[in-house]
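Below is one structure, written out as structure tokens; the observations come after it.
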Amino acid sequence: MMRIDAHQHFWLMSAREGQWPPASLAAIYRDFQPQDLMPLLKQTGIDGTVVVQSLPVEADTDYLLTLASQHDFILGVVGWVDLTHADAPARIRQFAGHPAFKGVRPMLQSEADDHWICQPGLAPAINALMESKLSFDALVLPRQLPGLLRFAREYPALPIVIDHAAKPEIALQQWDEWAADMTALAACPNVFCKLSGLLTEAGIYTDTRHLAPYVDLVLQQFGAHRVMWGSDWPVLNLAGQYAGWVDQSEALLAQLTSTEKQAVFGGTASEFYRLAHRGV
């Protein structure tokens with residue numbers, strides 16, 4: 001079984017003028033390209049990755065698909081398409097022609113309307129995703145989970161994965177509403193969850209005992225067959241290191257069976273994103 005990082009990014013600062021990250025985030029305010037990640041993958045025994053868009057422009061998706069064509073360890077690309085545009089279905093079908101293109105991720109966390117994804121005008125684009133056998137990455141905050149639940153129920157045939165476990169407010173020790181909403185979403189069989197991005201939400205609570213309740217809730221509600229591990233590198237660099245997060249994740253998942261660990265560390269991502277071994 002391949003070990004897969006189901007969530008990482010690449011970017012060039014020359015393409016991000018006026019966009020996140022700001023210069024104040026010195027740890028990630030530079031270019032991050034495949035040659036930066038490859039030694040970390042080798043060090044930690046990660047065989048391949050899914051690279052995810054980080055800018056709401058199609059040029060970012062084109063850039064990632066070009067990288068995927070050049071590097072076999074990039075097993076899939078989750079890109080961006082303006083789902084509100086009239087030509088969204090055509091653009092989705094065009095991107096779907098690239099073997100590395102696996103799904104889309106709108107930047108939902110930036111939307112003021114917590115139910116933005118539920119607007120009827122998006123139906124043609126969402127239907128095109130399903131027709132093209134693509135998936136949907138939900139970059140949401142805890143307050144947006146009720147809207148995501150409504151969306152997931154409206155499109156039960158659409159594979160949806162919640163990025164970063166919906167960024168629970170670990171630093172504020174918030175739990176109840178997040179846990180209830182995640183439990184409700186887990187009841188939808190088409191919804192999956194990524195164990196990624198937790199360290200950057202944890203503030204001073206980055207040790208394993210503080211993260212464990214959040215990880216355990218996700219595993220208990222979704223089951224290992226609907227949970228996938230990701231690094232969120234290089235954003236991870238704001239709170240930790242790649243090898244450190246791999247080791248901590250191993251500790252957080254120590255109670256799982258061998259089969260369950262294989263699912264979280266690769267099997268789930270491989271099935272969800274329909275990944276093919278590319279000679280890693």
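Every residue two or more places apart in sequence or in another chain that forms a side-chain hydrogen bond (donor to acceptor under 3.5 Å, both in side chains) with Asp82 is listed here: Thr84. Annotation: side-chain hydrogen bond (donor to acceptor under 3.5 Å, both in side chains) contacts of His115 (sequence neighbours excluded): none.
Proximity of Gln53 to Met107: side-chain heavy atoms (C-beta onward) are separated by under 4.5 Å at one or more points. When side chains are defined from C-beta on, Leu236 does not count as touching Thr200, because their heavy atoms never get closer than 4.5 Å. Taking the side chain as every heavy atom from C-beta outward, Val77 and Val50 never approach each other to under 4.5 Å. Between Gln248 and Leu199, some side-chain heavy-atom pair lies under the 4.5 Å cut-off. With a 4.5 Å cut-off on side-chain heavy atoms, Cys188 and Leu149 count as touching. The side-chain heavy atoms of Ile92 and Phe95, taken from C-beta on, include no pair separated by under 4.5 Å. Contact check for Asp216 versus Gln255: side-chain heavy atoms found under the 4.5 Å cut-off. Counting heavy atoms from C-beta on, the side chains of Val218 and Val215 never come closer than 4.5 Å.
Cys193 SG to Leu185 CG: the interatomic distance, rounded to the nearest 0.5 Å, is 9.0 Å. To the nearest 0.5 angstrom, Phe10 atom CZ is 4.5 Å from Ile74 atom CD1. Between the CD atom of Gln8 and the CG atom of Leu40 there is a distance of 10.5 Å, given to the nearest 0.5 Å. Leu108 contributes atom CG, which lies 6.0 Å from atom CD of Gln144 (distance to the nearest 0.5 angstrom). In this structure, OG1 on Thr49 lies 10.0 Å from CD1 on Ile46, to the nearest 0.5 angstrom. Distance check: Thr257 OG1 to Gln262 CD gives 8.5 Å after rounding to the nearest 0.5 Å.
A continuous path of hydrophobic side-chain contacts links Leu148 to Leu122 [ILVMFWY only; heavy atoms under 4.5 Å]. Residues Tyr205 and Val235 share a single hydrophobic cluster, defined by chaining ILVMFWY side chains whose heavy atoms lie under 4.5 Å apart. Residue Leu139 is not grouped with residue Val191 when hydrophobic side chains (ILVMFWY) are merged at heavy-atom distances under 4.5 angstrom, including chains of intermediate members. In the hydrophobic cluster analysis, where Ile, Leu, Val, Met, Phe, Trp and Tyr join through side-chain heavy atoms closer than 4.5 angstrom, Phe101 is grouped together with Phe73. No chain of hydrophobic side-chain contacts below 4.5 Å, direct or via other Ile, Leu, Val, Met, Phe, Trp or Tyr residues, connects Ile170 to Leu141.
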Residue pair Ile117, Arg150: steps toward the side-chain contact (heavy atoms from CB on, under 4.5 Å) verdict: CA-CA 9 Å; Ile117 192 58; Arg150 176 183 162 194; over 6 Å; no

Test side-chain contact (heavy atoms from CB on, under 4.5 Å) applied to Phe222 and Leu195, step by step: CA-CA 11 Å; Phe222 288 87; Leu195 288 179; over 6 Å; no

Stepwise side-chain contact (heavy atoms from CB on, under 4.5 Å) test for Val264 and Leu219: CA-CA 9 Å; Val264 175; Leu219 290 169; 4.2 Å; yes

Verdict with supporting geometry, Leu217 and Thr183, side-chain contact (heavy atoms from CB on, under 4.5 Å): CA-CA 8 Å; Leu217 183 282; Thr183 297; 4.1 Å; yes

Which pairs would a plain distance check flag for residues 151-169, meaning a side-chain donor or acceptor within less than 3.5 Å of a matching protein atom at least two apart in sequence or in another chain?
{"residue": "Asp163", "atom": "OD2", "partner": "Arg105", "partner atom": "NH1", "Å": "3.2"}
{"residue": "His164", "atom": "ND1", "partner": "Ser196", "partner atom": "OG", "Å": "2.8"}
{"residue": "Lys167", "atom": "NZ", "partner": "Gln109", "partner atom": "OE1", "Å": "2.9"}

Pairs of donor and acceptor atoms involving the side chains of residues 20-38, under 3.5 Å and at least two apart or interchain, shall be tabulated with distances.
{"residue": "Asp31", "atom": "OD1", "partner": "Met13", "partner atom": "N", "Å": "2.7"}
{"residue": "Asp36", "atom": "OD2", "partner": "Gln33", "partner atom": "N", "Å": "2.8"}

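At least one donor-acceptor pair closer than 3.5 Å links the side chain of Gln119 to the backbone N or O of Trp116. Remark: side-chain polar atoms of Thr66 are paired, donor with acceptor, to backbone N or O of Asp62 under 3.5 angstrom. Between the Lys102 side chain and the Arg274 main chain, a donor and an acceptor come within less than 3.5 Å of each other.
Of all the heavy atoms in Asp60 and Leu55, the pair that sits closest is OD2-N, 3.3 Å. Closest of all the heavy-atom pairs between Leu83 and Ala125 is O-CB, 3.7 Å. Across all non-hydrogen atoms, the minimal contact from Ser132 to Ala96 is CB-CB, 3.9 Å. Between Pro120 and Pro124 the shortest heavy-atom distance is O-CD, 4.3 Å. In this structure, Thr61 and Trp80 approach most closely via the heavy-atom pair OG1-N, 2.8 Å. Residues Ala243 and Gln43 approach most closely at CB-NE2, 3.7 Å, considering heavy atoms.
No donor-acceptor contact under 3.5 angstrom links the side chains of Asp247 and Tyr242, judged on distance only. With 3.5 Å as the limit, one finds no donor-acceptor pair spanning the side chains of Arg3 and Thr44. Under 3.5 Å, the side chains of His98 and Ser69 contain a donor-acceptor pair of N or O atoms.
Evaluation of the side-chain hydrogen bond (donor to acceptor under 3.5 Å, both in side chains) test over residues 221-232, restricted to residues two or more places apart or in two chains, returns Asp5-Ser231, His9-Asp232, Trp229-Ser249. Among residues at least two apart or in separate chains, ring pair (Phe, Tyr, Trp, His ring centres under 6.0 Å) pairs with a member in residues 178-199 are Trp175-Trp178, Trp178-Tyr214, Phe192-Phe272.
For the pair Arg93 and Glu131, the salt-bridge criterion is met [side-chain N within less than 4.0 Å of a carboxylate O].
Within a 6.0 Å radius of CD in Gln241, other residues, nucleotides and ligands contribute 12 heavy atoms or fewer.
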